[in-house]
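Here's the structure we're looking at; comments come further down.
Only this structure's heavy atoms are used, side chains among them; waters, hydrogens and symmetry mates stay out. Being a predicted model, the structure only gives us computed values, none of them experimental.
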Amino acid sequence: FLNNIQFELWKNCTNGCDFCFNKGLPLSSKEDKIRILKEVRYRLVRLNYDYYDKIGFIGGELFGNQLEDEDVFREFYKLFELCIYLLQDKKINQINFTSNLLAEDNSKMYQILDLIKLSGLLNRFELCTSWDSKYRFHTIEKESIWHNNMLYIKNNYPDLQRHIEILPT
């Protein structure tokens, strides 16, 4: 039993964390993002769920400027609609996704969280993030953005599981 399958949707973000092995890669094109999102949905529909009970999504960064294009966001939204269906159909038990929570505009992430909240399955989703004052938060302002985003999520989506990795630096 393998338990967890994880998809890396794109390899880049704009934060530039010092420890990132994908640092400096160009942002994926709109066409690449749409192709990847469709491919992941295709694979999820055909996956043998006898082997998996958790699905994870990582980036680079999944949200922020990655979803600026409405066509990309529409495909991303469809992916999470499928995840909700898989949970409702009891094919899987949990979905986790990663964000550095450093985007100043997280409106697209909040639209996804609203979708999940409306499904009544928010407690079966887990947001994974990390806190690293030396290598992720290059400025006090960046650290403040992270704290504000985490507080907003805690207050507006209290049933969402939150997993924070703390990197002592």
Side-chain angles (χ1 to χ4, degrees), residues 4-44 47 52 54-87 92 94-119 121-132 135-137 142 145-154 156-157 159-165 167:
N4 187 22
I5 187 167
Q6 183 169 279
F7 295 92
E8 183 176 38
L9 298 183
W10 27 82
K11 294 184 179 297
N12 46 40
C13 77
T14 57
N15 188 49
C17 299
D18 293 341
F19 55 80
C20 184
F21 58 90
N22 288 331
K23 185 178 176 180
L25 291 177
L27 292 177
S28 299
S29 69
K30 169 186 174 176
E31 294 75 19
D32 283 344
K33 289 178 186 178
I34 289 172
R35 179 187 52 76
I36 289 166
L37 291 167
K38 287 180 177 181
E39 174 71 20
V40 170
R41 282 200 337 266
Y42 175 85
R43 291 185 181 281
L44 287 175
L47 197 62
Y52 307 101
K54 295 178 185 175
I55 297 172
F57 302 105
I58 61 172
E61 171 57 35
L62 294 179
F63 300 103
N65 66 338
Q66 298 283 21
L67 300 175
E68 286 176 341
D69 183 273
E70 286 302 318
D71 294 331
V72 172
F73 179 67
R74 193 173 307 111
E75 292 300 323
F76 193 80
Y77 196 92
K78 288 178 189 178
L79 175 62
F80 275 81
E81 287 177 322
L82 175 59
C83 289
I84 289 169
Y85 167 77
L86 293 171
L87 287 167
I92 55 169
Q94 184 182 37
I95 306 286
N96 61 59
F97 57 96
T98 301
S99 174
N100 62 32
L101 296 180
L102 293 176
E104 292 185 39
D105 177 10
N106 275 313
S107 58
K108 301 292 188 189
M109 179 171 63
Y110 300 145
Q111 287 180 52
I112 296 295
L113 291 175
D114 288 341
L115 169 71
I116 298 166
K117 187 177 183 178
L118 285 172
S119 75
L121 296 169
L122 199 56
N123 64 335
R124 308 253 311 272
F125 282 78
E126 178 183 54
L127 168 65
C128 304
T129 188
S130 63
W131 188 89
D132 178 348
Y135 298 109
R136 170 156 291 157
F137 307 132
K142 283 283 192 185
I145 290 169
W146 186 92
H147 281 288
N148 290 338
N149 286 328
M150 184 55 80
L151 185 61
Y152 183 89
I153 290 166
K154 178 182 175 272
N156 290 282
Y157 308 99
D159 293 336
L160 177 68
Q161 297 178 56
R162 295 172 303 277
H163 172 99
I164 303 167
E165 302 226 358
L167 308 170

Cut-off 3.5 Å, no hydrogens considered: what does the side-chain donor-acceptor table look like for residues 107-116, sequence neighbours left out?
| residue | atom | partner | partner atom | Å |
| --- | --- | --- | --- | --- |
| Ser107 | OG | Asp105 | OD1 | 2.8 |
| Lys108 | NZ | Glu70 | OE2 | 2.4 |
| Tyr110 | OH | Asn149 | OD1 | 3.3 |
| Asp114 | OD1 | Tyr157 | OH | 2.7 |

4.5 Å side-chain heavy-atom contact, Ile34 and Lys38 =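 In contact.
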pair Met150-Ile164: side-chain heavy atoms closer than 4.5 Å =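 In short, these two side chains touch, coming nearer than 4.5 Å.
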Would you please name every residue forming a side chain to side chain contact (heavy atoms under 4.5 Å, CB included) with Asp159, sequence neighbours left out?
->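 Leu122, Asn123.
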Please identify each residue that fulfils side chain to side chain contact (heavy atoms under 4.5 Å, CB included) with Leu9, with sequence neighbours left out.
->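 Listed in chain order: Phe7, Ile36, Leu37, Val40, Phe57, Leu62, Phe76, Leu79.
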For [X] and [Y], which heavy atoms make the closest approach, and how far apart are they?
X	Y	result
Leu102	Lys142	CD2-O, 3.3 Å
Trp146	Ser130	NE1-O, 3.4 Å
Ala103	Gly64	CB-CA, 3.6 Å
Leu67	Phe63	CD1-CD2, 3.7 Å
Asn96	Cys128	CB-SG, 4.1 Å
Leu82	Arg41	CD2-O, 3.8 Å

With sequence neighbours left out, write down each residue that passes salt bridge (Lys or Arg N to Asp or Glu O under 4.0 Å) with Asp32, or none if nothing qualifies.
->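 Once residues adjacent in sequence are excluded, the partners of Asp32 under the salt bridge (Lys or Arg N to Asp or Glu O under 4.0 Å) criterion are Arg35.
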Using the test salt bridge (Lys or Arg N to Asp or Glu O under 4.0 Å), find all partners of Glu104 that sit at least two apart in sequence or belong to another chain.
->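 Residues passing salt bridge (Lys or Arg N to Asp or Glu O under 4.0 Å) with Glu104: none at all.
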Working to the nearest 0.5 Å, report the span between [atom1] of [X] and [atom2] of [Y].
X	Y	atom1	atom2	value
Leu44	Cys83	CG	SG	6.0 Å
Ile5	Ile55	CD1	CD1	7.5 Å
Glu165	Trp131	CD	CH2	14.0 Å
Ile92	Leu87	CD1	CG	4.5 Å
Glu126	Thr98	CD	OG1	8.5 Å
Asn4	Tyr52	CG	OH	9.5 Å

Is Lys33 reaching over with its side chain to a backbone N or O of Trp10, donor-acceptor style, under 3.5 angstrom?
->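 Pair absent, no side-chain N/O of Lys33 close to backbone of Trp10.
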side-chain hydrogen bond (donor to acceptor under 3.5 Å, both in side chains) against Arg162, all qualifying residues, sequence neighbours excluded |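 Here no residue qualifies.
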Ile95 and Leu121: CA distance, side-chain angles, deciding distance, side-chain contact (heavy atoms from CB on, under 4.5 Å) verdict | CA-CA 10 Å; Ile95 306 286; Leu121 296 169; over 6 Å; no
Determine, step by step, whether Phe137 and Asn100 satisfy the side-chain contact (heavy atoms from CB on, under 4.5 Å) criterion, reporting the C-alpha distance in whole Å, the side-chain angles of both residues, the deciding distance to 0.1 Å, and the verdict.
-> CA-CA 10 Å; Phe137 307 132; Asn100 62 32; over 6 Å; no
Is the closest basic N to carboxylate O distance between Lys78 and Glu75 below 4.0 Å?
->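 Answer for the salt bridge query: yes.
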